[in-house]
Protein chains: 2
Amino acid sequence: MKRKITLKHIARELEVSISTVSKALKNSEEISKDTKEKIQAFAKLYNYKPNNIAVSLKNKRTKNIGVIIPNIVHHFFTTVVRGIEKYANERGYNVIVCLSDESFDKEVINMEMLANGSIDGFIMSLSTETQAKKDYNHIKEVTSQGIPLVMFDRVTDEVDCDKVIINDKDSAYKAVKKLLDSGRRKIALINTENLSVSNARTEGYYKALREGGISIDEKLVLTLPHESIDEKAIQYFFDTVSMDAVLCVNEIFAIYGMRVVQKKGLKIPEDISFIGFTDGLLSKYANPSLSAIAQHGENMGAVAAQMLIDKVENEEDDEVYRTEIIDSTLIERESTVN
Amino acid sequence: MKRKITLKHIARELEVSISTVSKALKNSEEISKDTKEKIQAFAKLYNYKPNNIAVSLKNKRTKNIGVIIPNIVHHFFTTVVRGIEKYANERGYNVIVCLSDESFDKEVINMEMLANGSIDGFIMSLSTETQAKKDYNHIKEVTSQGIPLVMFDRVTDEVDCDKVIINDKDSAYKAVKKLLDSGRRKIALINTENLSVSNARTEGYYKALREGGISIDEKLVLTLPHESIDEKAIQYFFDTVSMDAVLCVNEIFAIYGMRVVQKKGLKIPEDISFIGFTDGLLSKYANPSLSAIAQHGENMGAVAAQMLIDKVENEEDDEVYRTEIIDSTLIERESTVN
DNA sequence: TTGTACGCGTTATCAA
DNA sequence: TTGATAACGCGTACAA
């Protein structure tokens, strides 16, 4: 088993000093052609690669970025991670992904773990528990240490940092408007408690209804406590409330809703239309395929990564924070009528 | 902006030596109660946390594990990552996830990047390109440096290391047997080229047919080049071949196949049954819901993480490699008859 | 009980 | 053209 080779080994072997080796490998002009060639050949032979950890310690730069997402059941988050990965790797950064599992405690632990030197900056989306608790001290702690942070999707006004979001209110507004335009009048909403994005989407829903001259009916709104399927609640909702369209704040709710109404013998989209947030595999392959609001997660991830890396590599901290808004797109499929 | 505090700062502030501070914070018996309390209070006040990078350099232990997966569109891989995460975090390890994007080059780059000190060990699943190329030098390089490695799912005999797999051949065998038992005779298979798991599943498929006394018909096997949907090929397959059941090596193929036959007016499962590998959200929420072979990815990830961390923390390297086989489960849903 | 010195692997500055 | 030295932050054997 050949152990990892270091500058010291090369120096000893070639009977030169460590600094000579270091310079030779960086092709420094200071070193004679002869020694450079000799050292470079030797290094190549033994496949020398500088130790990242040592370089990090020296430079106070890890070239790692920490990503904290609440879960991976929502396809949206995985696409964002993918976008971050792609962009970050291109700029020579590694991505350390941690899951908060929608838990406040795990979010705190993960952040503290990474904040102690492991990463140059954070990209994160809040856990539901954190948004419910409204306790952002762990995040403020990190930013106050000067660690750059970009929040995406589930963000909060209480933390000063760069942000990337879609215009949730407007996206929901447009979706509902579309439903109204296609003649629907009893438009339901399935959303969740405590989530910033869900709240914004709910606002858009109400706005479109008001503008459409539809009187608000609270019965048409089903608010589920967690982002998990409460089968009974959904069943009860569709059993007791009459509606001709549904907007759901995520695709899982929508897919599940479609199953329920199909079992009841309703036809989609003739009897009832569905639109879901997030354009994931579920939407695409559902039967009927689900009209969806694409959040362009990969793009969102790339933008977040760019904002973060720019900040990381930009020496002077401006203390100027931007909020980037990614356009969403309504993708019409079989679950709505044109 | 309060900068990150170090032992040195504390030492200077309290006019003691760095090592005194270090010892005091580890509650060493060597230090007097008075100084310990003073130092600990100060450290707590300024929220001192040791710098991971420095500790890593010193200990030659990063407490990071590198995970390289081919993609995240297959739900299976995300569940494995989740299992790794959960287990690793419990044991105080961070997980660095990299995507190879099914590309050989990206796999190589990611491994080299991480191998230079960033991680204590690898958990990986091969990219399709790597399995097609059969070039495993980058992996052998890593293991020969003494970096522990656990491969899962897409593995190869050419690399000596710990492995975690499901019994793909047997799982496919059982699935096909089930179909035979329910009276199906023209059982098709949709698989992919070059993937170890796909090949093993194909073997199981043939074995079950042979044992069932069914003559092999090559026309019933559709082999797709990549793990992506070739819509035309699939459409053509179902248009030209007559069958009463289909086994697919992943759930996306199955879901897509179901759509195609449904559009042709066939009834599932009356006219044709479907079984897919991977029990993901798509299977669960499809309409009809898809009978699936659950690979228990989360469990697989946890097992892989355990094997890896045990190896990492076990000083003497045994050079004894184990292959752990995770049981799969056939989950019967609406796409098959009982 | 406290402090000094060294090493982890690298790089940068300065001296030879 | 090359080498010695210090520094990044921490931990520890050893000296005081």
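Here the structure is a predicted model, which is why all the values come from computation and not from measurement. Each chain gets a letter, A, B and so on, in the order the sequences are listed, and its residues count up from 1.
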Strictly distance-based, threshold 3.5 Å: is any side-chain N or O of [X] a donor or acceptor partner for the main-chain N or O of [Y]?
| X | Y | value |
| --- | --- | --- |
| A:N314 | A:D310 | no |
| A:Q40 | A:A24 | yes |
| B:Q145 | A:K4 | no |
| A:S56 | A:N52 | yes |

Requested in this report: Return no unless some side-chain N or O of B:S32 is found under 4.0 Å from OP1 or OP2 of C:dT2.
Outcome: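 For C:dT2, OP1 or OP2 has a side-chain N or O of B:S32 closer than 4.0 Å.
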Query raised in the report: For D:dG3, does OP1 or OP2 lie under 4.0 Å from any side-chain N or O of A:S17?
Result: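 Answer yes for this pair, as a side-chain N or O of A:S17 is under 4.0 Å from OP1 or OP2.
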Nearest-Å distance for atom pair [atom1]/[atom2], residues [X] and [N]:
| X | N | atom1 | atom2 | answer |
| --- | --- | --- | --- | --- |
| A:E29 | D:dT1 | CD | C1' | 12 Å |
| B:I31 | D:dA16 | CD1 | C1' | 14 Å |
| A:L25 | C:dA12 | CG | C1' | 15 Å |
| B:R61 | D:dG11 | CZ | P | 15 Å |
| B:N52 | D:dC8 | CG | P | 18 Å |
| B:I39 | C:dT2 | CD1 | P | 8 Å |
| A:E15 | D:dG3 | CD | P | 10 Å |

Query - A:T128 side chain to A:E102 side chain, donor-acceptor N/O pair below 3.5 angstrom - result: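 Yes, a side-chain donor-acceptor pair sits under 3.5 Å.
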Query raised in the report: Less than 4.0 Å between a side-chain N and a carboxylate O, is that true for A:K133 and A:D105?
Result: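 A:K133 and A:D105: not salt-bridged.
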Query raised in the report: Looking across every strand, which nucleic acid part, if any, lies under 4.0 Å from A:S56 by heavy atom: base, sugar-phosphate, or nothing?
Result: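 Here A:S56 touches no strand at all.
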Report summary line: Under a 4.0 Å heavy-atom criterion, the protein footprint on nucleotides 5-11 of chain C, written with B, S and -, is --BBBBB
Query - Shortest side-chain distance from B:K23, nucleotide among D:dT2, D:dC14, D:dG3 - result: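 So the side chain of B:K23 is nearest to D:dC14.
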Query - Heavy atoms from other residues, nucleotides or ligands near CD of B:E29 exceed 12 (cutoff 6.0 Å) - result: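 No, because the 6.0 Å sphere around CD of B:E29 holds 12 heavy atoms or fewer from other groups.
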